[in-house]
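Start at 1 and go down the list; that is how both ligands and their atoms are numbered.
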Amino acid sequence: MTYLSQIKRKNGVLAIFSWIVLLLSSCSREVEHHSGEIFAMNTLISLSIWGEDTGDMIRDCETYLYSLEDKFSVTREDSELSLLNAQDDWMTLSPELEEVLAYSLRLSEATYGYFDPTLYPVVQAWGFTTSRNQVPSPEELDSLLPLVGADLVEYRQETQEARLPTGVQMDLGAIAKGYAADTLAELLREHDISSAMLSLGGNIYALGEKIDGSSWNIGIKNPYGGGSVGSVLVKDKAVVTSGGYQRYFIHEEETYWHIIDPFSGYPAKSGLASVSIVSDSAMYGDVLSTAFFVMGLEQASTYWREHQDFEAVFICEEGDVFITEGLKDSFSLISSYTSGSLQVIPS
Ligand code: AMP
Ligand code: MG
């Protein structure tokens, strides 16, 4: 073998070797897909993540969600929120509970009290948290309404303390899953995951874009049957829905759902069957979808015009679908939906 052919051979072996290393290293950087389903925060949560070296991310997310349940569960007697509800002394809050409590007080005011984090006594009277549903008497509701109102919550930002007067109890069920979605997304971003689909009972968080670079197509459920009325294309957004169809019971042919008008104590009847909010923050969307379901289309449209920091899809009880102007190009109704027409709310 000549010297030259030896070099050529050596170079050939080297080339093949470096090609294998390159292949192996590119393999190790291949995008992995992991998914998981857990029951936490009183809802079925499904997580789907794509990324390099995603390792134990799903397990980390599950552990994190259980830790939030320890704080926000209103039904578990040992949760932090239940401890706050059970006493009328000042209590120092965890940073998580403090953040959600403070935000809920601020947004309750911003939504003119239609979102109210102190509805627990009324929600309990209807049996929504225990699944022992009943229709409370008007007298019972009248006696509970004085215990409802965000202004009854005493909160000291400087010392991270809160105090609930006797009988006042908070229910963060209309905001906590949004907070969970936002902070889960943050956790994933910290681990360099830039593509994930998080679904927490009505709260969807579409992190980044799909791995092929396209938008996520999020279905908006038909409140009156299976399937969806349409879908919205999004990238890096939360899509949060509140609807009477999500939890309800029927008593003497009347349907009673879990979203309550804080001013009457009765399930909200504003003419809306569902509200979906498309926003950067799922916690904001969670608050707004609940508040808008109570306040109705007209007042919600005014709120949107005044704020312009989210978009919305409203499905009316008669079937018409209203979208805010910003969704004009990203929302489409499915062709088989014939229960109503699509209308755009102008700014
Ligand atoms: P969501 O599914 O986000 O609309 O939240 C509904 C849940 O929040 C209910 O199951 C109640 O626990 C609670 N809730 C009901 N009505 C209201 C309201 N007007 N404001 C805040 N929380 C509410
Ligand atoms: Mg909500």
One should read off an interatomic distance between Ser276 OG and Glu311 CD, to the nearest 0.5 angstrom, of 13.0 Å
closest protein heavy atom to atom 15 (C) of ligand 1 is His258 O, 3.2 Å
Over 60° means perpendicular and under 30° means parallel, so tell me whether Phe292 and Tyr303 are parallel, tilted or perpendicular. perpendicular
Logged contact type for Ala291 with ligand 1, heavy-atom cut-off 4.0 Å, is neither
Atom 22 (N) of ligand 1: closest protein heavy atom, distance to 0.1 Å, is Ala174 CB, 3.4 Å
Within 4.0 Å of some non-hydrogen atom of Pro262, the atoms of ligand 1 are 19 (N)
Value for CG (Leu101) from CG (Leu81), rounded to nearest 0.5 Å, stands at 8.5 Å
A student checking ligand 1 against Tyr114 at a 4.0 Å heavy-atom cut-off should list atoms 18 (C), 19 (N), 20 (N)
- request: Indicate whether the side chain of Ser35 and that of Ser48 have a donor and an acceptor atom separated by less than 3.5 Å.
  value: no
CH2 (Trp257) and OG (Ser242) are apart, to the nearest 0.5 Å, by 12.5 Å
*Could you tell me how the ring of Phe249 sits relative to the ring of Phe128: parallel (under 30°), tilted (30 to 60°) or perpendicular (over 60°)?*
tilted
For the 3.5 Å polar cut-off, considering only N or O atoms, please tell me whether Ile260 and ligand 1 meet it.
yes
Any idea how Phe72 and Tyr179 line up, ring-wise: parallel (<30°), tilted (30 to 60°), or perpendicular (>60°)? perpendicular
Output for pair (Glu161 CD, Leu84 CG), nearest 0.5 Å, gives 11.0 Å
One finds that the ligand 1 atoms under 4.0 Å from a non-hydrogen atom of Phe115 are 20 (N), 21 (C)
Within the 4.5 Å heavy-atom criterion, are Tyr256 and Tyr248 side-chain neighbours or not?
no
Arg247 heavy atoms within 4.0 Å reach ligand 1 at atoms 10 (O)
message = Tell me whether Lys177 reaches ligand 1 (any heavy atom closer than 4.0 angstrom to a ligand atom).
response = no
Parallel, tilted or perpendicular: rings of Tyr114 and Tyr112 (30°, 60°):
perpendicular
- Task: May I ask you to check if ligand 1 and Ser289 share an N or O to N or O distance below 3.5 Å?
- Result: no
Under 4.0 Å from one or more heavy atoms of Gly173, ligand 1 contributes atoms 5 (O), 8 (O)
Residue Glu254 excluded, over 12 heavy atoms near CD under 6.0 Å: yes
for atom 12 (O) of ligand 1, nearest protein heavy atom and its distance come out as Asp171 OD2, 2.4 Å
Here the atoms of ligand 1 under 4.0 Å from any heavy atom belonging to Ser242 are 1 (P), 3 (O), 4 (O)
Honestly, for Ile259 the part within reach of ligand 1 (heavy atoms, under 4.0 Å) is both
For atom 21 (C) of ligand 1, the closest protein heavy atom turns out to be Asp116 O, 3.1 Å
### Message
For a distance under 2.8 Å, tell me if Ala174 has an N/O/S atom near the Mg ion (ligand 2).
### Response
yes
Atom 1 (P) of ligand 1 has as its nearest protein heavy atom Thr290 OG1, 3.3 Å
* Side-chain contact test, heavy atoms from C-beta onward, threshold under 4.5 Å: evaluate it for Phe115 versus Ser104 and give yes or no. => yes
A student checking ligand 1 against Leu119 at a 4.0 Å heavy-atom cut-off should list atoms 16 (N), 17 (C), 18 (C), 19 (N), 20 (N), 23 (C)
Taking only non-hydrogen atoms of Asp286 and a 4.0 Å limit, the atoms of ligand 1 in range are 3 (O)
Short check: any N/O/S atom of Thr290 below 2.8 Å from the Mg ion (ligand 2)? yes
